[in-house]
2 protein chains.
Amino acid sequence: MLQADPLRERIVSLFEGMSPQLRQAARYIIEHPQEVALVSMRELARNAGVQPSTMTRLAKFLGLAGYDDIRAHHAEAIRFRVDGFAARAMQNDDSEQDMAAAQLSRRMLQGLAAQIARLTEPASLERLASAADRLAQARRIYVLGLRSCHSVAWHFHYVMTLLGEKTVHLDGPADTVGDGLIRAGAEDVLLAISINPYALHSLELAQLAREKGLGVIAITDSEVSPLVGIADLAILCSTESQSFFHTLAPALAISEVLCGLLANKDRTAALAALQRADRHLLSLNTYATAIPRRRI
Amino acid sequence: MLQADPLRERIVSLFEGMSPQLRQAARYIIEHPQEVALVSMRELARNAGVQPSTMTRLAKFLGLAGYDDIRAHHAEAIRFRVDGFAARAMQNDDSEQDMAAAQLSRRMLQGLAAQIARLTEPASLERLASAADRLAQARRIYVLGLRSCHSVAWHFHYVMTLLGEKTVHLDGPADTVGDGLIRAGAEDVLLAISINPYALHSLELAQLAREKGLGVIAITDSEVSPLVGIADLAILCSTESQSFFHTLAPALAISEVLCGLLANKDRTAALAALQRADRHLLSLNTYATAIPRRRI
DNA sequence: TATCATATAAAACAAATGTTGCATTCTTTC
DNA sequence: GAAAGAATGCAACATTTGTTTTATATGATA
């Protein structure tokens with residue numbers, strides 16, 4: 001990534017002139033350089049979601065004789081990098097002293113990675129699985145996350161809307177946050193996300209939900225979180241970070257895993273739902289397929 | 001190479017019991033491990049001075065099903081070395097058909113952890129540092145993230161509001177998303193977050209900001225993202241996950257690091273601001289200090 | 001030396017790879 | 001709205017791949 005890579009640069013510079021399929025292939029190659037050298041072209045094409053011929057066409061488009069040139073180039077890059085990696089690592093340690101920012105960044109990122117990795121402990125995995133089961137059975141899933149946890153709640157809700165109509169995001173202006181629960185009942189589940197310091201309103205709503213007979217699943221940060229007492233099941237995530245602020249990355253990771261597990265319950269249905277969402281958004285022209293040109 | 005390599009050890013330990021030809025093949029493999037993954041078996045055999053069949057025989061001799069097992073092992077080793085402890089994460093699908101929940105969860109989480117860990121590469125750290133500098137200098141920071149990226153944008157904005165009044169979150173109902181930019185100018189910076197598929201509106205607004213003279217910093221997912229062409233500086237994050245959906249955890253981690261770096265520019269000021277925010281929220285009774293009791 | 005078992009080379013084989021040409025679909029342009 | 005052009009999917013193609021089979025060579029044992 002550091003050293004000059006002429007082919008990579010060529011791909012990037014010609015990217016704008018490529019057709020959609022070529023772009024998809026090119027993008028995958030740029031983002032998975034080592035895979036190019038390690039798997040066959042057909043498999044690469046499959047992983048990139050394009051036809052095998054597209055890879056050949058991409059090679060020709062780049063002015064190469066064929067796909068083998070692309071592979072050869074990436075293989076060479078790997079051979080070249082064999083001891084380059086260690087060298088780079090050393091070079092870090094040197095320049096680290098006068099780069100306070102880099103040092104802090106590294107510590108924060110390594111901390112986050114470690115915290116997420118720690119979620120793979122068997123106890124966590126079990127809770128994730130039961131939570132997913134519970135959510136899958138529910139008629140409706142109400143999602144609640146206020147203040148800092150809004151991001152997690154919203155992301156969960158957003159992803160789930162791609163799958164269907166099952167979730168209701170408890171949010172709104174003018175103190176209407178809780179209104180969504182009006183028609184909630186015992187067949188439903190509340191997914192409540194809250195970390196220290198715990199927003200009072202979240203706890204009140206969770207308590208209300210409990211009283212209305214809803215199942216309550218919590219994503220929170222401690223065994224002694226007030227949510228644990230309210231919820232049927234609590235998934236714990238660390239929020240500590242090497243900076244002033246709490247981190248929500250592990251909580252977000254958990255919510256993404258829950259989405260993944262739910263989608264995995266019925267893969268074909270999930271796939272169909274995603275395709276439908278795709279078509280809908282496509283017809284609305286929501287996403288850019290080419291370089292953007294401002295509407296005037 | 002640093003870590004234990006069971007296959008390599010097996011080859012060494014069985015070396016004495018091999019015939020001359022098998023030894024020659026085994027020796028070449030041990031001494032050129034990366035070649036095994038990068039060239040075909042026939043070419044490897046040629047380079048080793050051995051018949052192709054000898055390679056197959058060696059694989060069987062080692063108790064494997066065939067030569068492909070040897071290659072797969074060495075390919076994995078390369079992936080492992082390149083990606084740090086990403087290793088297992090990126091190897092794709094095949095038989096996750098009816099994967100147990102725990103297994104899928106673990107793979108997703110390990111993948112996320114690996115992707116965040118990969119952000120500690122020097123190139124990323126440098127970009128993070130410059131982005132933080134640029135943001136620190138700006139008079140105002142406009143934060144833009146639509147659809148799936150809303151969570152990241154909002155989280156950045158929320159954390160920054162704890163520090164002061166510097167950020168403006170570009171969001172709103174009734175198509176008022178861009179209104180915040182009305183008074184934006186050359187002294188300001190836009191922090192734009194967008195991943196594939198790129199929301200058209202995000203690109204248009206980023207373009208508009210650029211035309212208005214704002215600096216543009218992007219958090220996006222690829223060197224060929226349309227945002228790269230618009231932004232002065234792009235921080236790249238992977239979004240691939242072991243499930244149907246893209247992940248935003250790395251993007252969120254990046255935004256948290258940026259917040260941390262910004263706060264770190266003036267630690268005492270940051271501390272003071274946080275305390276003020278604390279007092280304010282305390283006086284509003286925003287957070288629970290004890291087990292919640294519903295208001296009646 | 002004759003005989004046997006093993007090791008190696010050579011060739012045959014099915015499966016896969018990368019490539020190419022053709023038919024179809026989607027855009028663009030008049 | 002029709003026609004030209006580009007982009008794309010599909011299937012056939014010749015190669016190449018890893019494996020297996022067969023034949024030859026080697027070396028030990030009696």
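By convention in this document, chain letters (A, B, ...) are assigned in the order of the sequence lines, proteins followed by strands, and residues within each chain are numbered from 1. Reckoned from all heavy atoms, side chains included, excluding hydrogens, waters and symmetry mates.
The existence of a salt bridge linking B:Lys212 and B:Asp188 is excluded, since no basic side-chain nitrogen approaches an acidic carboxylate oxygen closer than 4.0 Å.
Side chain A:Arg57 to base D:dG9: a donor-acceptor pair is found below 3.5 Å.
In this structure, B:Met41 atom CE and C:dA16 atom C1' are separated by 14 Å, rounded to whole Å. We find that CG of A:Leu64 is positioned 15 Å from P of C:dG18, with the value rounded to whole Å. Rounded to an integer number of Å, the gap from CZ of B:Arg46 to C1' of D:dT16 is 11 Å. Look at CG on A:Asp68: it is 9 Å from P on D:dT17, rounded to the nearest Å. Regarding B:Tyr67, its OH atom lies at a distance of 24 Å from the P atom of C:dA14, rounded to whole Å. For the pair B:Glu43 CD and D:dG18 P, the computed distance is 10 Å after rounding to whole Å. As a whole-Å value, the separation of B:Gln51 CD from D:dT17 P is 15 Å. Counting to the nearest Å, the P atom of D:dT17 and the CD1 atom of B:Ile70 are 17 Å from each other.
In terms of heavy-atom proximity, B:Leu112 sits nearest to A:Ala253 at CD1-CB, 3.6 Å.
Contact annotation: B:Gln21 side-chain N/O to C:dA9 OP1/OP2 distance is under 4.0 Å. In terms of phosphate contacts, B:Thr56 brings a side-chain nitrogen or oxygen within less than 4.0 Å of OP1 or OP2 of D:dT19. The phosphate of C:dT17 has OP1 or OP2 within less than 4.0 Å of a side-chain N or O from A:Ser40. At the phosphate of D:dT19, neither OP1 nor OP2 sits under 4.0 Å from any side-chain N or O atom of B:Lys60.
Residue-level contact check: A:Ser53 touches the bases, meaning some heavy atom is under 4.0 Å from a base atom. Nucleic acid contact class of B:Arg71 (heavy atoms, under 4.0 Å, all strands): sugar-phosphate only.
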B:Arg106/B:Leu109 under side-chain contact (heavy atoms from CB on, under 4.5 Å): CA gap, chis, key distance, verdict
CA-CA 5 Å; B:Arg106 177 167 28 216; B:Leu109 290 168; 5.9 Å; no

Report the C-alpha separation of A:His169 and A:His155 in whole Å, then their side-chain angles, then the decisive distance to 0.1 Å, and conclude whether the ring pair (Phe, Tyr, Trp, His ring centres under 6.0 Å) test is met.
CA-CA 10 Å; A:His169 185 199; A:His155 186 243; over 10 Å; no

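Side-chain atoms of A:Arg267 never come within 3.5 Å of backbone atoms of B:Phe244 as a donor-acceptor pair (strictly under, hydrogens ignored).
Listed nucleotides: D:dG18, C:dA7, C:dT17. Nearest to the side chain of B:Ser19: C:dA7. When distances run from any side-chain atom of A:Pro20 to the nucleotides C:dT8, D:dT8, C:dG18, the shortest one goes to D:dT8.
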